[in-house]
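Below is one structure, written out as structure tokens, with a few remarks after it.
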Amino acid sequence: MESFFVRFKNPLILIAILLAQAVGLAIQVRRPVEPGAFSSKTVSTSTDPHSVSLVRYWASSVVTPFERFFLTIGHNVRFGWSNYIDLRHTRQQNAALQQQIADMRLQQAAIAQDALQGLRLQALLNFQQHYVARTVAAQVIGTSGSDLSRMVYIDKGKEDGLKPDQAVITPDGIVGKLRDVFPHTSQVLLIDDQTSGAGVLLSSTRIRGILRGTSTGRIIINNLTTDSRIKSGETVLTSGGDQVYPRGLPVGTIETIAPDPDHQPYTMIRVRPAANLSQLEEVLIITGTRPDLPLTAKQDLAVGAATAEEQAKAAAAHAAELKAIEDAKSAAQIVADRLPSLHDSNNPDATADPKNSKPDVGPSAVGGRVPRPLPTLHPDRYTSGSTPSAADLTPGAPNPGPSAVPRTTTPSTGDSSEPASTPKPPARKSQTPPATPEPNPNN
Amino acid sequence: MPIHSYTSRRELEEHSFHPAVTLLVPVAAIVLQALLPRPFPRFAIFDLPLLITIFFAVSRRSPIAGALTGAAIGLLQDALTAQPIGINGIAKTVIGYTAASIGLQIDVENITTRVLINFGFSLLNSLLLFLINRRLIGLSDFHLSWTHELIRAAANTLLAIPVFLFLDRAKRTE
């Protein structure tokens, strides 16, 4: 018997080591999630036994100090370079950002109107919404080191108020959720890990599905049957049904839709994540939600609404100004249409087409050249030009009376042949009528 | 039990390492493996802990030492992932044992041999991980892209050559 153990010492020790690890695996492993049987409790919850969590904590304690050390060095180098050396184009970037802020204020105003309307409708329907109330910013310090387990480590932990199963996001979209939380570090299970899952909603069709990670690092929805309404490029949002991710956060966009060979008649919808999961730097952990909007969001909403109101007032004022100009132009146009003398015989379309007239042109300028009146056939004392100017008259002198010689006026040339004795009438500045609109005869 | 002469190949080519090297090199490999994929995501295709396991196993030429080294490195690697602890542990235990057993038979100092054993053990590691996940853990939807695994094996082999040459300096002949 002794010789047996001596002879097979190596294989026996190997078997013992393997057996011990297999037993350890059996203790840890729970039944895998069946496709389609999704719930927040069955997908990748952090339910390691205490001893296993302790082993993970020890391993994390060994590795994370090095990660923090190198991260600090890298951060300081980058900080020094970007803040003190590499400052080219900063002014241009600043100007561009200022412009972007101005544009975003306008967008915010438009969105604020929709948000206020949505809030009113939600209040009417007594709809319970959960808004992100508190977040903790954290920096990614390391990874699991294996592409079969997609997980990252962050530099915040239990002492910063983090707990397992809290959602982790970036401004672009969701990233994953907290798995094990240690005092000063935490593990973030990414959504493309094969044990990850999330309840999602297709933005335009409002179809609900379950998002899952795969062993190849892709994220898919494979619990939906074929539906012609689902198209590539559609945005995928969180549905809020998994009790982890608040509703409405961006997840990604649909990349491809194909039949799932393993699970017929379901389709495999491949989703491109909105967040860049392969190069995460900083993330936000949602530590609290609330049924009403947080104070900062309310302030933003108020600012947006005020901006929208200002915009509306400015638009109304601009519209009124345009209308006034249009009215003035219309009045001038009406008068011009009613006065045939204002039409230029050489260019009859000049005033016939209102588009040809400039809007800024005042009524005095309409018609351009002042036409002369046509010659009278029987001149009398009331005929224009027959009365001498007051400047030419002598007090006490007899009334010269109407001129016996009719004057001839050539409207086309503007020249007039007048008798030398005939006093010259004063030149009138303009014969254009005033700009006040005449009453419409139809009224 | 076979009796080895003083000039037997095993005794001539059996190496040992300073305890600091034995402890720090695997830890450094695991730290680098966890650290580098953050700035360089494609670095995740490499498996530095696997290369260290193979190196220590073939250098010591002791199957038990190889198995224990592989188990320790694999378990530490597992502890940093979201997977159950033991998946990499089992795979690297087998690889450490096998590599040490092969090291008894062939010349592992030759560069061609090193290329072949690294390529072969990298593929074996992928196969073992696949079997453990599918059979032991029961993940029926666990898939591997074997093209990707071939590329991974080639990449690990390329990395192994300079790493082995560097670690050769730490060897102590007994």
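Throughout, protein chains are lettered first and strands after them, A, B, ... in sequence-line order, and every chain is numbered starting at 1.
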**Prompt:** Between K156(A) and Q139(A), does a side chain to side chain donor-acceptor pair (under 3.5 Å) hold up when you go through it step by step?
**Reply:** CA-CA 8 Å; K156(A) 296 284 167 59; Q139(A) 196 153 24; over 6 Å; no
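- In summary, R212(A) and D192(A) do not engage in a salt bridge, as defined by a charged side-chain N under 4.0 Å from a carboxylate O.
- The two residues E149(B) and R152(B) make their nearest non-hydrogen contact at OE1-NE, 2.9 Å.
- Both the backbone and the side chain of I85(B) come within contact range of chain A, judged by heavy atoms closer than 4.5 Å.
- Only the side chain of L75(B) comes within less than 4.5 Å of a heavy atom of chain A; its backbone N, CA, C and O stay farther away.
- With respect to the salt-bridge test (charged N to carboxylate O, under 4.0 angstrom), the residues R114(B) and D168(B) qualify.
- Between the side chains of S146(A) and S144(A), not a single donor N or O lies within less than 3.5 Å of an accepting N or O.
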**Request:** Go through the steps to decide whether L123(B) and L127(B) satisfy the test side chain to side chain contact (heavy atoms under 4.5 Å, CB included), and finish with yes or no.
**Result:** CA-CA 6 Å; L123(B) 280 182; L127(B) 179 66; over 6 Å; no
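- With a 4.5 angstrom heavy-atom cutoff, D78(B) touches chain A only via backbone atoms.
- Comparing Q21(A), K9(A), M151(A) by heavy-atom pairs within less than 4.5 Å of chain B, the highest count is held by Q21(A).
- Proximity of the aromatic rings of F182(A) and W58(A) is defined here by a centroid distance below 6.0 angstrom, and this criterion is not met.
- With a threshold of 4.5 angstrom between heavy atoms, I132(B) approaches chain A through side-chain atoms but not through N, CA, C or O.
- With a 4.5 angstrom heavy-atom cutoff, L71(A) touches chain B only via side-chain atoms.
- Of the two parts of L36(B), neither the backbone nor the side chain holds a non-hydrogen atom closer than 4.5 Å to a non-hydrogen atom of chain A.
- In this structure, no portion of Y57(A) lies under 4.5 Å from any heavy atom of chain B.
- Taking the six-membered ring for Trp and the full ring otherwise, the centers of F43(B) and F46(B) sit less than 6.0 Å from each other.
- Annotation: maximal heavy-atom pairing with chain B below 4.5 Å, among Q194(A), R150(A), Q187(A), E281(A), occurs at Q194(A).
- D47(B) approaches N156(B) most closely through the heavy-atom pair N-OD1, 2.8 Å.
- At a 4.5 Å heavy-atom cutoff, the contact between E67(A) and chain B is made by backbone and side-chain atoms alike.
- Interface remark: R42(B) contributes no atoms to any contact with chain A (heavy atom separation under 4.5 Å).
- Here A82(B) is the residue among G86(B), A82(B), P37(B) with the most heavy-atom pairs under 4.5 Å with chain A.
- For a residue to count as touching a neighbouring chain, one of its non-hydrogen atoms must lie under 4.5 Å from one of that chain's; by this rule I30(B) touches chain A with the side chain only.
- With a threshold of 4.5 angstrom between heavy atoms, P49(B) does not approach chain A through any atom at all.
- Here the shortest heavy-atom pairing between L280(A) and V283(A) reads CD2-CG1, 4.4 Å.
- Only the side chain of Y97(B) comes within contact range of chain A, with at least one heavy atom under 4.5 Å from a heavy atom of that chain.
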